[in-house]
Amino acid sequence: GPLEEISLPLFFGWFLLSSVQDKVRCTSMDFLKTLDTLEAFKKHLSDFTGKAEKEVDLEQYFQAKGTLHCTTKFCDYGKAPGAKEYAQNTAVKDYYGSAFELSLSALFVTPRTVGARVSLTEEQLLLWPADAIEEAGSASLPLGSRAHITLGCAENVEPVQTGLDLLEILTLQQDGQQGEPIEEMELGSLTYYGEGRWLLTLREPICTPARFSSFYG
Ligand code: ACK
């Protein structure tokens, strides 16, 4: 009935505690600020602007999208395939409301999105939808590869794009494309994958507390 339909959320996920949201946002802003000034980035500026001579302020280019979280299952209030099964999963019910520590292992930037890659533990993978079809060119990426935090989207880009951008980069890596090593930054090593795709592998992963819950909107 209608009550059942509205009892499912828009999505389930880990929500960063508000005290750490600012820290993660600052790290991301610092990265964008630095990336902006690199000669290597300027060389590929047309990926972002369409015109080589134009300038881009990456901090302005991306807009923040709500509270920082890592989506596990997009349910669309029950309309998404597998939503009901996910909500009834024992692990989902048992862990609902529990605190976790998420490990952010990389930051990535594309002309569409900026995000953080989340490396899930075995325990956290219990909350990843088992039926997840990793929607990239290659279907053979490990479960949970898409796990990420959307830090910002370019104008007219929906946050669902961030996970797809991450999968695209991981698929390139899996297909043996090492990317172009750019430089060692304070936070880690920066690699360019072409077409405006930048990956900063963090030297020290950022550990951040997050609660497993859901969002109704
Ligand atoms: O940044 P995100 O992970 O991308 O968080 C938001 C959240 O759900 C609310 O929109 C994500 N999202 C939206 N549509 C989908 C989808 N079809 N598959 C997976 N995640 C989605 C979005």
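Residues take their numbers from the sequence shown, with the count starting at 1. Note that the structure is a prediction, hence the values are computed from the model and not measured. First listed ligand is number 1; within each ligand, the first listed atom is number 1. Computed over heavy atoms, backbone and side chain alike; hydrogens, waters and symmetry mates excluded.
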Checklist entry - Is there a heavy atom in Lys65 that sits closer than 4.0 Å to ligand 1? => result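 Not so, Lys65 does not reach ligand 1.
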
Item to check | Pairs touching residues 198-210 that satisfy side-chain hydrogen bond (donor to acceptor under 3.5 Å, both in side chains), sequence neighbours left out | outcome: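 Listed once each, the pairs are Glu184-Arg203.
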
Checklist entry - With a 4.5 Å limit on heavy-atom distance, are the side chains of Phe62 and Thr150 in contact? => result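 No. Closest side-chain heavy atoms not under 4.5 Å.
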
Item to check | Those atoms of ligand 1 less than 4.0 Å from some heavy atom in Thr150 | outcome: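 This gives 1 (O), 2 (P) as the contact atoms.
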
Item to check | Proximal ligand 1 atoms for His148, defined as those under 4.0 Å from one of its heavy atoms | outcome: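 Reading through ligand 1 atom by atom, the close ones are 1 (O), 2 (P), 3 (O).
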
Checklist entry - Do Asp47 and Tyr192 meet the criterion of a side-chain donor-acceptor pair at a distance under 3.5 Å? => result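 On atom types as modelled, these side chains qualify, holding a pair under 3.5 Å.
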
Checklist entry - Counting heavy atoms only, which part of His69 comes closer than 4.0 Å to ligand 1: side chain, backbone, both or neither? => result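 Under 4.0 Å from ligand 1, His69 contributes side-chain atoms alone.
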
Checklist entry - Counting heavy atoms only, which part of Gln161 comes closer than 4.0 Å to ligand 1: side chain, backbone, both or neither? => result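 The answer is neither; Gln161 stays 4.0 Å or more away.
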
Item to check | Pick from Leu166, Ile149, Thr71, Thr113: the one approaching atom 2 (P) of ligand 1 most closely through a non-hydrogen atom | outcome: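 Ranked by closest heavy atom to atom 2 (P) of ligand 1, first place is Thr71.
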
Checklist entry - Should one rank Phe12, Phe74, Phe11 by closest heavy-atom distance to atom 13 (C) of ligand 1, which comes out on top? => result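 Ranked by closest heavy atom to atom 13 (C) of ligand 1, first place is Phe74.
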
Item to check | ring pair (Phe, Tyr, Trp, His ring centres under 6.0 Å), paired with His69, selected from Phe212, Phe12, Phe11, Phe74 | outcome: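 Single ring pair (Phe, Tyr, Trp, His ring centres under 6.0 Å) partner of His69 among Phe212, Phe12, Phe11, Phe74: Phe11.
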
Checklist entry - Purely on distance, is any nitrogen or oxygen of Thr162 under 3.5 Å from one on ligand 1? => result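 N/O-N/O distance below 3.5 Å does not exist for this pair.
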
Contacts table for residues 98-118: side-chain donor-acceptor under 3.5 angstrom, sequence neighbours left out:
from, atom 1, to, atom 2, distance (Å)
Ser98, OG, Tyr95, O, 3.0
Ser105, OG, Ser119, OG, 2.8
Thr110, OG1, Arg112, N, 3.0
Thr110, OG1, Thr113, N, 3.1
Thr110, OG1, Asp165, OD2, 2.6
Arg112, NE, Asp165, OD1, 3.0
Arg112, NE, Asp165, OD2, 3.4
Arg112, NH2, Asp165, OD1, 3.2
Thr113, OG1, Asp165, OD2, 2.7

Item to check | Check against side-chain contact (heavy atoms from CB on, under 4.5 Å), Glu180 and Thr191 | outcome: CA-CA 5 Å; Glu180 183 189 335; Thr191 309; 5.5 Å; no

